[in-house]
Structure formats: C-alpha cells, structure tokens
There are 2 protein chains.
Amino acid sequence: MTAPAQATLAVSTVIFALRSDAESDFKTLWLPLVRRTREPFHGQWALPGGGLPAAEELATAAARTLRGTTGLTPKYLEQLYTFGDPGRSPGGRVVSVVYWALVESDEAAVAEVGDNVQWFPADRLPELAFDHNRIVEYALWRLRTKVEYSRIAHAFLGETFTLAQLHDVHEAVLQKALDPANFRRTIESSGTIVDTGERVAGTRHRPPRLYRYNDSVRAVDLGPLGPSIG
Amino acid sequence: MTAPAQATLAVSTVIFALRSDAESDFKTLWLPLVRRTREPFHGQWALPGGGLPAAEELATAAARTLRGTTGLTPKYLEQLYTFGDPGRSPGGRVVSVVYWALVESDEAAVAEVGDNVQWFPADRLPELAFDHNRIVEYALWRLRTKVEYSRIAHAFLGETFTLAQLHDVHEAVLQKALDPANFRRTIESSGTIVDTGERVAGTRHRPPRLYRYNDSVRAVDLGPLGPSIG
DNA sequence: GCAAAAGTGTTCAATCTACACCCATGA
DNA sequence: TCATGGGTGTAGATTGAACACTTTTGC
C-alpha cells in the first residue's frame with residue numbers, strides 16, 4: 001500500500017480594523033481578504049495566508065502575511081484555532097493554524113489596496129473559499145468575548161487616545177450602547193490605562209485627557225502563554 | 001538550493017483525572033504520560049500522541065490516542081493550542097496540535113497501566129520531553145479558568161452525582177475551599193444540572209439527591225465551534 | 001451666555017459572601 | 001438522642017446600571 005501524503009501545513013490570519021460605515025451609526029469591523037489566483041476556489045475571496053516556511057515561527061508567519069497584505073503591523077496578535085478537517089480543502093488535506101489580529105484603524109490603510117486585496121465589512125462578507133466564513137465567525141466571537149473581560153480594544157487606536165475614543169471602539173465591537181460614565185469608571189479602575197497628563201486642545205468643548213495603555217498588565221490577557229506571543 | 005523539509009504534524013493530548021492523594025486533603029489532578037522509546041528524549045516521559053494519519057480528524061486522533069493510552073473515553077475534549085516553535089524538537093521540526101481532555105475518575109483506571117504508561121500528579125511532574133512541561137502548565141491554567149465560568153467539572157464524575165461530589169471536584173481543581181451553601185445555589189441557578197429525583201441511600205446521614213448533567217447547555221461552553229467538537 | 005462633550009455623584013437593584021440554623025438519616 | 005453531612009435563610013458588603021448633575025472649553 002502507498003502511504004497517503006502527509007497533510008500540508010498553512011498559516012492564515014483574520015485581520016480586524018475599525019472603519020466608519022455609511023450604513024451604521026457605529027464604526028464597524030472590517031477585514032482584508034485576498035482573491036485566489038488558482039484552484040481550488042479560483043477567483044473567490046479568502047483569508048490571507050500561505051504555507052508555513054520550514055524555519056519560521058507560527059506567529060511570525062502570521063505577522064508577515066499581515067504585513068504583506070495590508071502593509072500594517074499588528075497591534076495585537078493571538079492564535080485562534082487550528083482547523084484540520086480532512087474534507088475542508090478539495091484536492092489535498094490542509095491543516096491551517098489560524099491567527100487573529102487587530103490593527104490600528106488608519107482610514108487610508110483600510111482603503112482598497114489592489115486588485116487582489118480588498119477590505120470587507122465583517123458582517124457582510126461574500127461567500128469565501130474553504131471554510132473561511134466559519135473561521136471569521138469564530139474570530140468575531142472571540143474578539144467580542146475578549147473585549148468584555150480583557151482590555152485589548154486600545155489596539156485599534158494609536159499610542160495615546162481619549163476615553164471617548166476607547167468608548168467608541170467598545171461600542172463598535174460589541175454593537176451596543178455603553179454608558180459613558182460607567183465605562184469611564186470601569187476602565188479607570190481596571191488599571192489598564194495611564195493618564196499621560198496631556199489633553200487634546202482645539203475641540204470646541206472641554207478638552208479631554210489623553211491616556212496611554214499600561215503595558216505591565218498585558219500578560220494577563222493571554223494567560224501563561226502570553227509573554228512569548230508577540 | 002534544496003527545499004527544507006516541511007514540518008511534521010503531530011497531535012498530543014493532556015488527559016486529566018482526579019485521584020485521592022495521600023499528600024493532600026483535596027483530591028488532586030493526575031495525568032498519564034508515556035515513556036519515549038526512541039530519540040530524541042529516549043527514556044523520558046512525554047504526553048501521549050503521535051503523527052497525524054492522513055485521513056483522520058484532529059479531535060478523533062486525540063481521542064484515539066487517549067483510548068490507546070488509558071483505555072478510557074474522554075468525557076470532555078477540546079483543542080488547547082498549537083505549538084510550533086522551530087526549535088522545540090531537536091532533529092526536525094514538529095508542529096503539535098494539542099488537545100486537553102477530562103476523563104471519569106475511576107480509581108482503578110488511574111492505577112499503573114504498564115511499563116511505558118504511568119499516571120503522575122499534575123503539580124509534581126518530572127522533567128518531560130520537548131516543551132511538554134510548559135504545555136501541561138497551560139492546560140492546567142485553561143482547566144482552572146474554565147471550571148470557574150463554564151460547567152465542565154461533571155466530566156470527572158459518572159452519569160449521576162451528588163452536589164457534594166461536584167463540590168469536591170471544584171475544590172480539587174481550584175485548590176481552594178468553596179462554601180457548600182453558596183456553591184449549591186450557584187450551580188442550581190445555572191441550570192446546568194437536573195435533579196433525577198433519586199437519592200443515595202445507605203449513608204449514615206441525610207440521603208443526598210442525585211443529579212444529572214443537562215446536555216442542552218453544553219454548546220455554550222465552547223462558543224460557536226462547540227457543536228462540531230465531540 | 002450657550003452648546004457640547006468631559007467628568008462626578010447618587011440611587012436602586014442585583015449579586016456575592018459569610019455564617020447561622022434547620023433537616024433527615026444511621027447507629 | 002447524637003453525630004454527620006444535606007440543605008435553607010438571611011444580613012451585610014460589593015458590584016453594576018441608570019441617570020441627574022456639575023465642569024470646562026470654543027464660539
């Protein structure tokens with residue numbers, strides 16, 4: 001008997017950014033997809049990714065893919081799940097280690113990047129190649145769950161940010177209104193942000209404080225594996 | 001240039017059971033390890049597992065390994081993490097998809113199984129092969145975290161159980177005392193267990209009720225991927 | 001002063017925690 | 001009837017949601 005071919009190993013990444021959306025009061029989640037240039041699923045949209053180079057870390061491969069697709073660097077990157085059903089890829093088994101990432105929401109970067117890369121709103125995706133629709137749904141669930149108990153929303157923002165901006169990010173991700181007063185107290189008492197002492201000038205109302213993320217609490221978000229994940 | 005060999009895919013499983021322990025008031029967590037019969041790490045203890053057969057589901061491979069090692073069937077099985085550092089295995093890269101499982105704590109089954117399989121207390125392990133000590137630590141963290149917000153502890157018990165038994169499992173996993181009165185109310189109001197109407201006779205005190213796990217809430221434990229995982 | 005958003009205070013209800021106490025059985 | 005664990009009640013503390021209110025700026 002002939003030994004069946006070993007499964008192929010691939011790394012894919014679900015990349016989230018926030019963007020203003022004409023169809024919604026909230027900002028909404030967007031993600032970049034790449035058009036497949038060969039079979040199977042030729043011409044359909046798929047998650048960015050590819051085979052795993054022999055000497056590359058899994059997380060590094062995910063970050064490289066992300067940079068190659070969007071030109072951006074992930075502000076947050078975490079392993080999501082490994083999908084390996086024998087039938088998920090017609091024509092040869094592929095086991096995909098999937099990561100999910102948050103990137104800073106620069107409006108310019110979320111524009112069209114090229115013919116074969118395009119950003120889509122996460123809740124209005126076309127039919128994707130392979131089982132990628134299911135993967136994105138799971139990534140969305142993880143993002144929404146984690147935003148509630150962890151403090152990762154700042155990854156959508158720049159180095160410093162106002163509480164109102166962070167508030168808007170939480171609202172956009174969770175798709176529900178959050179009381180600004182209670183939100184402020186919850187975040188402040190969590191110790192995850194630090195007052196920079198600066199304020200934003202030039203608004204036509206009371207100038208808000210600028211905060212910075214407190215790096216010393218990051219490890220908690222990921223559990224024991226945290227420190228080793230970029 | 002020669003293309004470097006593709007990484008090898010393996011599936012390993014961290015298997016937890018509860019067992020009485022002379023050195024502790026609580027029951028403690030034990031897990032089975034297998035002695036390696038070849039290099040690398042020849043003679044050292046390692047997590048049960050092996051290469052992924054070409055046509056086998058990941059979770060099925062984990063369950064098969066579990067059965068082969070312990071003769072038991074998992075009451076709970078979930079993917080833990082995929083470990084793929086290029087340097088984690090001397091002599092050829094191995095990417096390991098690791099599962100964790102809970103099995104019913106039959107004292108007999110947790111006895112010595114053979115020369116090359118042995119159960120160890122989870123917090124007093126020898127130095128294991130590869131990065132397996134780190135993997136077990138992560139699995140322990142996941143188990144303890146998940147017992148608090150999910151209701152998986154019943155997987156250590158039989159079909160029916162008393163609240164005192166479930167209480168003892170929680171105490172053993174979390175390694176701290178839990179008020180029996182409050183524990184009862186928390187579990188009862190969660191809707192995860194159902195009163196069978198039966199009681200345990202023959203105790204020399206008030207006979208406790210027997211409960212059964214409520215299957216209809218299981219899906220919540222695993223999120224959107226739940227239903228497809230055995 | 002006025003509009004607008006920043007930021008604070010306060011109330012009420014829900015939940016958690018600790019612990020007192022009653023119940024049902026075997027010996 | 002007593003010892004033992006099963007099971008219930010309840011007061012106080014903590015947390016969370018709702019919303020009125022005060023502050024600080026630009027115009």
Side-chain angles (χ1 to χ4, degrees), chain A residues 20 25-27 144-151 153-154 157-158 160-212 220, chain B residues 20 25-27 144-145 147-151 153-154 157-158 160-213 220:
Chain A
S20 304
D25 291 339
F26 295 130
K27 289 197 170 194
R144 294 196 164 119
T145 305
K146 198 141 193 174
V147 159
E148 291 202 290
Y149 74 85
S150 173
R151 307 291 167 200
H154 67 93
L157 300 170
T160 61
F161 46 87
T162 68
L163 267 174
Q165 288 175 318
L166 192 61
H167 171 257
D168 288 351
V169 170
H170 278 252
E171 282 197 340
V173 171
L174 298 176
Q175 296 185 291
K176 66 176 179 186
L178 298 171
D179 184 307
N182 295 331
F183 179 80
R184 164 180 300 276
R185 272 181 293 248
T186 304
I187 297 291
E188 276 178 343
S189 68
S190 76
T192 46
I193 61 170
V194 180
D195 190 344
T196 63
E198 292 165 66
R199 285 159 188 276
V200 178
T203 62
R204 79 181 132 140
H205 52 74
R206 178 169 174 175
R209 295 167 196 267
L210 271 175
Y211 293 87
R212 181 189 312 282
V220 180
Chain B
S20 304
D25 290 339
F26 295 130
K27 288 197 169 195
R144 293 194 166 120
T145 305
V147 160
E148 291 201 289
Y149 73 87
S150 173
R151 306 292 169 198
H154 67 93
L157 300 170
T160 60
F161 46 86
T162 67
L163 267 174
Q165 288 175 318
L166 192 61
H167 171 256
D168 288 350
V169 171
H170 277 252
E171 282 197 341
V173 171
L174 298 176
Q175 297 184 291
K176 66 177 179 186
L178 299 171
D179 184 308
N182 296 331
F183 179 80
R184 165 179 301 274
R185 273 182 293 250
T186 304
I187 297 291
E188 277 179 343
S189 69
S190 76
T192 46
I193 61 169
V194 180
D195 190 343
T196 63
E198 294 165 66
R199 286 158 188 275
V200 177
T203 62
R204 79 181 132 143
H205 51 74
R206 179 170 173 173
R209 295 166 196 268
L210 272 175
Y211 293 86
R212 181 189 313 282
Y213 185 62
V220 179

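By convention in this document, chain letters (A, B, ...) are assigned in the order of the sequence lines, proteins followed by strands, and residues within each chain are numbered from 1. Since the model is a prediction, treat every value here as computed from it, not as a measurement.
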>> Let me spell it out: for each of A:P207 and A:R185, pick the nucleotide of DNA chain C with the closest heavy atom. Which residue's pick is nearer the 5' end?
In response: A:P207

> Which angle, rounded to 10°, do you find between the first-five-pair axis and the last-five-pair axis of the helix from C:dG1-D:dC27 to C:dA27-D:dT1?
Replying inline: 10°

> Between atom CZ in B:F183 and atom C1' in D:dT8, what is the gap in whole Å?
Replying inline: 17 Å

>> Under 4.0 Å from a heavy atom of chain B: give me the 5'-most and 3'-most nucleotides of DNA chain C that qualify.
In response: C:dT17 to C:dG26

>> If I compare all heavy atoms of B:R144 with all of B:V173, which pair ends up nearest, and what's the gap?
In response: NE-O, 2.7 Å

> Roughly how far apart are B:L178 CG and B:T186 OG1, rounded to 0.5 Å?
Replying inline: 9.0 Å

>> Distance check needed: D:dG6 P versus B:I193 CD1, whole Å only.
In response: 13 Å

> In whole angstroms, how far is the P atom of D:dG16 from the CD atom of A:E148?
Replying inline: 12 Å

>> Parallel, tilted or perpendicular, judged at 30° and 60°: which one describes the rings of A:H167 and A:F183?
In response: perpendicular

>> Reading DNA chain D from 5' onward, which residue's closest nucleotide shows up sooner: B:N182 or A:G202?
In response: B:N182

>> On DNA chain C, compare the nucleotides closest to B:T186 and B:A181; which residue's is nearer the 5' end?
In response: B:T186

> Can you name the one residue among B:V194, B:T196, B:T192, B:L163 that meets side-chain contact (heavy atoms from CB on, under 4.5 Å) with B:Y211?
Replying inline: B:L163

> Over how many whole Å does the gap from B:D179 atom CG to D:dT8 atom P extend?
Replying inline: 14 Å

> How far apart are the closest heavy atoms of A:L157 and A:V169, and which atoms are they?
Replying inline: CD2-CG2, 3.8 Å

>> For a quick test of reading the model: is some side-chain N or O of B:R206 closer than 4.0 Å to OP1 or OP2 of D:dT4?
In response: no

> So which heavy atom on B:N182 is nearest to which on B:R185, and how close?
Replying inline: OD1-NH2, 3.0 Å

> Where is the tightest heavy-atom contact between A:P207 and A:V200, given as atom of each residue plus distance?
Replying inline: CB-O, 3.1 Å

> Considering all heavy atoms of both residues, which atom of B:E148 and which atom of B:R151 are nearest to each other, and what is their separation?
Replying inline: O-NH1, 4.5 Å

>> If you compare all heavy atoms of A:K27 against all heavy atoms of A:A172, which two are closest, and at what distance to 0.1 Å?
In response: O-CB, 3.1 Å

> Are any of A:R204's side-chain N or O atoms less than 4.0 Å away from OP1 or OP2 of D:dT25?
Replying inline: no

> Quick one: B:I187 CD1 to D:dG7 C1', roughly how many Å, whole number?
Replying inline: 15 Å

> How long is the line joining CG of B:L178 and P of D:dG6, in whole Å?
Replying inline: 14 Å

